[in-house]
2 protein chains.
Amino acid sequence: MTEADRKTWQAVQDEVRRYISARIWKPGELIPHEAELALQFGCARATVNRALRGLAEAGLLERRRKAGTRVALNPVRRAAFSIPIIREEIESTGQRYGYKVFLREMRVPPPDVQARLQLSGADKILHLQTLYTADNRPYVFETRWINSIAVPDVLNADFDMLSPNEWLVREVAFDGGDFTVSGVAATREEAAVLACKPGEGLLVLERTTRQGDNMITAVRLLFHPGYRMHTRC
Amino acid sequence: MTEADRKTWQAVQDEVRRYISARIWKPGELIPHEAELALQFGCARATVNRALRGLAEAGLLERRRKAGTRVALNPVRRAAFSIPIIREEIESTGQRYGYKVFLREMRVPPPDVQARLQLSGADKILHLQTLYTADNRPYVFETRWINSIAVPDVLNADFDMLSPNEWLVREVAFDGGDFTVSGVAATREEAAVLACKPGEGLLVLERTTRQGDNMITAVRLLFHPGYRMHTRC
DNA sequence: CAGTGGTCTAGACCACCGG
DNA sequence: CGGTGGTCTAGACCACTGC
């Protein structure tokens, strides 16, 4: 209190964290408002705001105008999984990255993909199947549909040196998308590609990416057995 | 430009987004520094900072002191999945939430759980198996280990009205943990509990939660077939 | 309607780190 | 070294929303 130390917003945040952790402020409870905390901590209100806003984003606090700030009843509710960038993920473990395009064709996508890409009836678009490898062992099998009506250049793309994903990242400015994770059992064909047994449990990551209002690509990543997506918070 | 409109940081952020989306600022490229943008947008530097910081957190920009701000080469790299709160998830779809504690015992956990909970050799702790149901249909099967040495009160807990998770959330102030998602094939026993076929592909979410330096609980959620975790960005 | 968080400003100093 | 982002401040006005 008598300290003349400059308070950083991080220091304030840590302090508040301790209060919550020590249950001095209990779940569901109202905590003092910003102006008061600013006084207590001996800093500007903006600094308190910065600290509390961060905690609210992390889910530890719930804030509403006029109603004040409360300790969240259910903390740790959101976790940010970093979407793997295959090449980086493989190379960061010291393994050798590789990939092979299995299939490249124009085709009318199945209904679910049509819906995800907002395509009309009979549009043929680019369909790719690619296997990514780590030290030559199957890592992830990618099934990708690219809206080649929105991105006609892709038809001339050469995927020998640049994977479909890397090509798209270079050529298109994504600005959003959605992700789904689920679990499936390997079909006979998938097992053959991933060099595992049919019926093994695999993690699936599906992603749809758009640029503005254009849906660009829908991709399904089928990871090798034992693959885990992990995060910490 | 001639507008006297008050610029909010959101407006600045949208503007920058458009620049990136339209590839006026290309991936990897350096963008003007904060002071200059503040001039261009007719606002304070703090406002620009707020806008750009948000974009950097979202992964769209990369910022370094002295080096300046660049458009990220690989945007959309992280997606925040919200960790499901079973009861809310079920009730939000209008279904009836229920659960049943199958097993409650003291037991020495398997080595992987011992490691995750930082337990020494032969400590017996609380082991629970619970099935959560939506409209009486199996929704998720939970296998949970609770460090009853750190939280002795749990031994007297009554899980008739409050699920293990809800009890813990009420009694313990979590402040961190880690999450893993993966895919598995249902064993015969798991299939029986979840009323599905052995070998079906299932999503698994594993979570370890701590309070300060104490590891409190390790839980494995095995979701019913067809369950998907979804997020948008 | 009044209290609370949300935001903007102008100015300042600092930490980092590229050249 | 000097340029850039990171942060703090004091004060102000505003937007939302519970009472």
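Below, chains carry the letters A, B, ... as their sequence lines are ordered, and counting in each starts from 1.
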Exercise for the section: Mark yes when over 12 heavy atoms from residues, nucleotides or ligands other than A:D112 sit less than 6.0 Å from its CG; otherwise mark no. Expected result: yes
Practice task
Assign B:R53 to base, sugar-phosphate, or nothing according to its heavy-atom contacts below 4.0 angstrom with the strands shown.
Solution key: nothing
Exercise for the section: Looking only at side-chain atoms of B:R65, point me to the closest of C:dG6, C:dC8, C:dA15. Expected result: C:dA15
Problem - Proximity to the side chain of A:W9 - top-ranked nucleotide from D:dT7, D:dG6, C:dG5 - result: D:dT7
Problem - CG on A:L117 to CH2 on A:W145, rounded to 0.5 Å - result: 9.5 Å
Practice task
In whole angstrom, give the distance that lies between atom CZ of A:R70 and atom P of C:dT4.
Solution key: 12 Å
Exercise for the section: Please report, rounded to the nearest Å, how far the P atom of C:dG11 is from the CG atom of B:L39. Expected result: 12 Å
Practice task
Indicate whether OP1 or OP2 belonging to C:dT4 is found under 4.0 Å from a side-chain N or O atom of A:R64.
Solution key: no
Fill in the blank from the handout: Side-chain atoms of B:A44 come closest, of C:dT4, C:dC16, C:dA10, to C:dA10
Problem - Pair B:T8, B:Q10: side-chain N/O donor-acceptor within cut-off below 3.5 Å - result: no
Completion exercise
Closest to the side chain of A:R63, out of C:dG6, D:dT4, D:dA10, is C:dG6
Practice task
Assess whether one donor atom and one acceptor atom, taken from the side chain of A:R50 and the base of C:dT7, lie less than 3.5 Å apart.
Solution key: no
Practice task
Quick one: label A:Q10 by what it contacts on the DNA or RNA (base, sugar-phosphate, nothing), any heavy atom closer than 4.0 Å.
Solution key: sugar-phosphate
Problem - Main-chain N/O of A:L162 paired to A:Y99 side chain as donor or acceptor, under 3.5 Å - result: yes
Handout entry: Short side-chain N/O contact from A:N49 to OP1 or OP2 of C:dG5, under 4.0 Å
Key = no
Practice task
Can you figure out which of C:dT4, C:dA10, C:dG18 approaches the side chain of B:A67 most closely?
Solution key: C:dG18
Problem - Length of the CG-C1' vector between B:L61 and D:dG5, whole Å - result: 13 Å
Practice task
Report yes or no: do A:T217 and A:R144 form a side-chain donor-acceptor pair below 3.5 Å?
Solution key: yes
Problem - Under 3.5 Å side-chain donor-acceptor pair for B:E89 and B:Y132 - result: no
Practice task
Mind calculating the distance between CG (B:L55) and C1' (D:dG5) to the nearest angstrom?
Solution key: 15 Å
Handout entry: Atom pair distance, as rounded to whole Å: CD in A:E57 and P in C:dG5
Key = 16 Å
Completion exercise
Ranking A:K66 and B:T69 by the position along DNA chain D of their nearest nucleotide, the one closer to 5' is B:T69
Practice task
Return yes if the base of C:dG6 and the side-chain atoms of A:R45 contain a donor-acceptor N/O pair under 3.5 Å, otherwise no.
Solution key: yes
Exercise for the section: Calculate the interatomic distance between A:H33 atom NE2 and C:dG6 atom C1'; express it in whole Å. Expected result: 15 Å
Handout entry: B:E34 vs B:A46, nearer the 5' end of DNA chain D by closest nucleotide
Key = B:E34
Practice task
Check the distance between D:dC16's C1' and A:E62's CD and give it to me in whole angstrom.
Solution key: 17 Å
Fill in the blank from the handout: In whole angstroms, the gap separating C1' of D:dT7 from CG of B:L52 amounts to 15 Å
